[in-house]
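Inspection log for the structure reproduced underneath, given as structure tokens.
No hydrogens, no waters, no symmetry mates; every other heavy atom, side chains included, goes into these values. Since we're looking at a predicted model, the values are computed, not measured.
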Amino acid sequence: MLAFIQSSPLLLGAALLLLDLVLWQLIPVERRACRIGARLVIFLLFSWVLLAAGMSPLQPAPWVDDVPRNLMATALEIAWWLFFARTVTVVFGLVLIARGGHGGRLLQDVLGALIFVAAVIAAAAYVMQLPVKGLLATSGVMAIVIGLALQSTLADVFSGIVLNTTRPYQIGDAISIDGTEGKVLDIDWRATRLLTGNGSLAVVPNSVVAKAKLLNFSRPADVHGVSISVVVPAKVRPKRVFDALEKALQGTSALLTTPPPKVTVKASTLESVEYEASGFVATMERKVEVRNQLFDLAHRHLEANGVMWNVDLALPPRSRQRELLDDVRVFRSLTSDERDALSQRMTAVEYLADQVILGVGEHSDYVLVIGSGVVSASIRDGERLIEAGRMGPGEVLGIEGLIDEEESLAEFRTLTGCLLYRIDKEQVRNCLAQRGEVQTALTKLQRFRRQNRESLLMQKPPVVKKGGFLSWLHK
């Protein structure tokens with residue numbers, strides 16, 4: 001074997017280089033470790049062949065008298081340096097990508113470029129015996145000229161290295177760069193690419209990102225802030241607004257209890273005051289849904305506390321009972337006169353926080369409309385109760401027994417102090433007799449609640465309309 005190597009080292013060395021190229025293409029990309037392992041083995045065999053044949057990458061080719069053989073040997077020694085640079089680069093790349101993901105790939109490219117430059121200089125110095133000092137001096141001058149010409153591009157490149165090393169964000173994160181919000185699609189040498197909320201592609205240079213105010217909405221992974229702002233006339237007492245917005249925050253179970261939700265004054269003028277209600281959700285995907293729900297809850301609770309917008313002073317004032325009936329869907333088929341008459345028969349009753357309004361299996365003589373406050377609806381699963389949703393102003397309970405003899409399938413308990421309005425079921429039955437649309441609405445509401453109760457007990461997500469799980473309790 002040694003004799004064959006010494007007699008045909010150049011042929012064997014070229015064959016090993018060709019074998020490396022073939023195996024690199026044949027082994028699948030997914031089997032990265034196998035590809036790099038094969039390259040490392042072939043590089044060691046290639047080095048052994050050169051040394052066994054009397055050639056050294058640190059010395060010029062030994063066959064000075066045989067010009068063709070000497071040129072071939074010189075080419076193989078230069079190829080050794082390039083092979084060495086490529087092998088070191090892919091080995092480092094395997095480690096960097098395993099630890100750093102996309103940032104590791106960018107660092108691998110930069111490190112690979114430096115390694116190849118060093119390999120070329122070493123080949124020129126050791127194999128070709130060129131004056132490296134002069135070459136380095138000339139290349140230094142050229143580097144200064146090129147650096148000045150590509151100053152902005154180099155700033156983007158080095159900023160990209162810093163960003164991928166410190167990793168303030170990564171691919172898939174939702175971020176904001178100086179007000180430009182979007183999902184990170186890619187981070188390359190020059191720029192960061194974002195997919196914005198309206199489907200546009202934003203390309204932000206890395207040098208701009210490095211200097212900009214950056215917000216990463218995806219970190220920490222299990223806590224994401226959500227907030228709403230409402231502007232109220234300055235004449236409205238802040239205590240009423242605080243109370244309404246705190247109930248709005250309690251009106252959804254999607255908000256985390258830790259960190260706790262809060263209400264603050266954001267800004268104020270002589271004419272108006274801006275309030276902010278904020279909390280946290282567990283997943284980024286729920287932010288839009290919960291934010292929209294908070295706006296609806298805030299409007300309802302503010303209205304329940306007497307904070308009104310765009311009131312037509314030309315119309316006669318109406319009672320709170322009459323305002324509520326306009327929001328209850330099952331009564332929307334009634335005429336205005338019929339709702340006027342029904343509202344006059346509604347009586348108010350107050351409940352303290354953590355008080356049971358209607359228990360599981362109980363029967364109520366009244367249909368109850370929530371005037372203010374938050375009510376929790378829970379269903380029984382064996383010996384324990386599972387919260388199914390939360391209800392706010394304008395929603396109804398106690399409808400069981402109007403159409404059939406079914407009793408309450410849920411426990412309704414107050415989370416805050418509540419004001420409810422009672423409607424005698426005989427009055428509602430008169431509406432059923434006069435308006436078939438009311439009976440149809442009640443039937444659909446009962447069927448929908450029953451289906452969602454069964455889905456929740458089976459721990460399968462119910463198919464509901466856009467608006468969330470609370471829609472089964474809504475109006």
Is it the case that the side chains of [Y] and [X] hold a donor-acceptor pair, with the cut-off being a distance below 3.5 Å and no angle test?
{"X": "Asn198", "Y": "Thr196", "result": "yes"}
{"X": "Thr192", "Y": "Tyr169", "result": "yes"}
{"X": "Glu387", "Y": "Ser376", "result": "yes"}
{"X": "Ser378", "Y": "Arg384", "result": "no"}

How about [atom1] on [X], more than 12 heavy atoms from neighbouring residues, nucleotides or ligands closer than 6.0 Å, or not?
{"X": "Glu350", "atom1": "CD", "result": "no"}
{"X": "Tyr351", "atom1": "OH", "result": "yes"}
{"X": "Arg240", "atom1": "CZ", "result": "yes"}
{"X": "Lys287", "atom1": "NZ", "result": "yes"}

Is any side-chain heavy atom of Asp326 less than 4.5 Å from a side-chain heavy atom of Arg332? no

Donor-acceptor pair, side chain of [X] and main chain of [Y], under 3.5 angstrom:
{"X": "Arg390", "Y": "Gln250", "value": "yes"}
{"X": "Thr258", "Y": "Pro260", "value": "no"}
{"X": "Thr269", "Y": "Ser272", "value": "yes"}
{"X": "Asp173", "Y": "Gln170", "value": "yes"}
{"X": "Thr264", "Y": "Lys266", "value": "no"}
{"X": "Arg339", "Y": "Leu334", "value": "yes"}
{"X": "His224", "Y": "Phe217", "value": "yes"}
{"X": "Gln25", "Y": "Val22", "value": "no"}
{"X": "Glu338", "Y": "Thr335", "value": "yes"}

When rounded to the nearest 0.5 angstrom, what is the spacing between [atom1] in [X] and [atom2] in [Y]?
{"X": "Glu362", "Y": "Glu411", "atom1": "CD", "atom2": "CD", "value": "8.5 Å"}
{"X": "Arg422", "Y": "Thr347", "atom1": "CZ", "atom2": "OG1", "value": "6.0 Å"}
{"X": "Ile370", "Y": "Phe412", "atom1": "CD1", "atom2": "CZ", "value": "8.5 Å"}
{"X": "Asp243", "Y": "Arg237", "atom1": "CG", "atom2": "CZ", "value": "10.5 Å"}
{"X": "Leu215", "Y": "Asp178", "atom1": "CG", "atom2": "CG", "value": "9.5 Å"}

Once you measure the plane-to-plane angle for Phe84 and Phe43, does it fall in the parallel (<30°), tilted (30-60°) or perpendicular (>60°) bin? tilted

Would you call [X]-[Y] a salt bridge at under 4.0 Å N-O?
{"X": "Glu323", "Y": "Arg320", "value": "no"}
{"X": "Asp365", "Y": "Lys425", "value": "no"}
{"X": "Arg345", "Y": "Asp424", "value": "no"}

Minimum heavy-atom distance Glu276-Ser227, with the two atoms named: OE2-OG, 3.8 Å

Show the nearest heavy-atom pair for residues Gly394 and Val328, with the distance to one decimal. O-CG2, 3.5 Å

Out of Gln293, Arg300, His299, which one pairs with Asp296 under the side chain to side chain donor-acceptor pair (under 3.5 Å) rule? Arg300

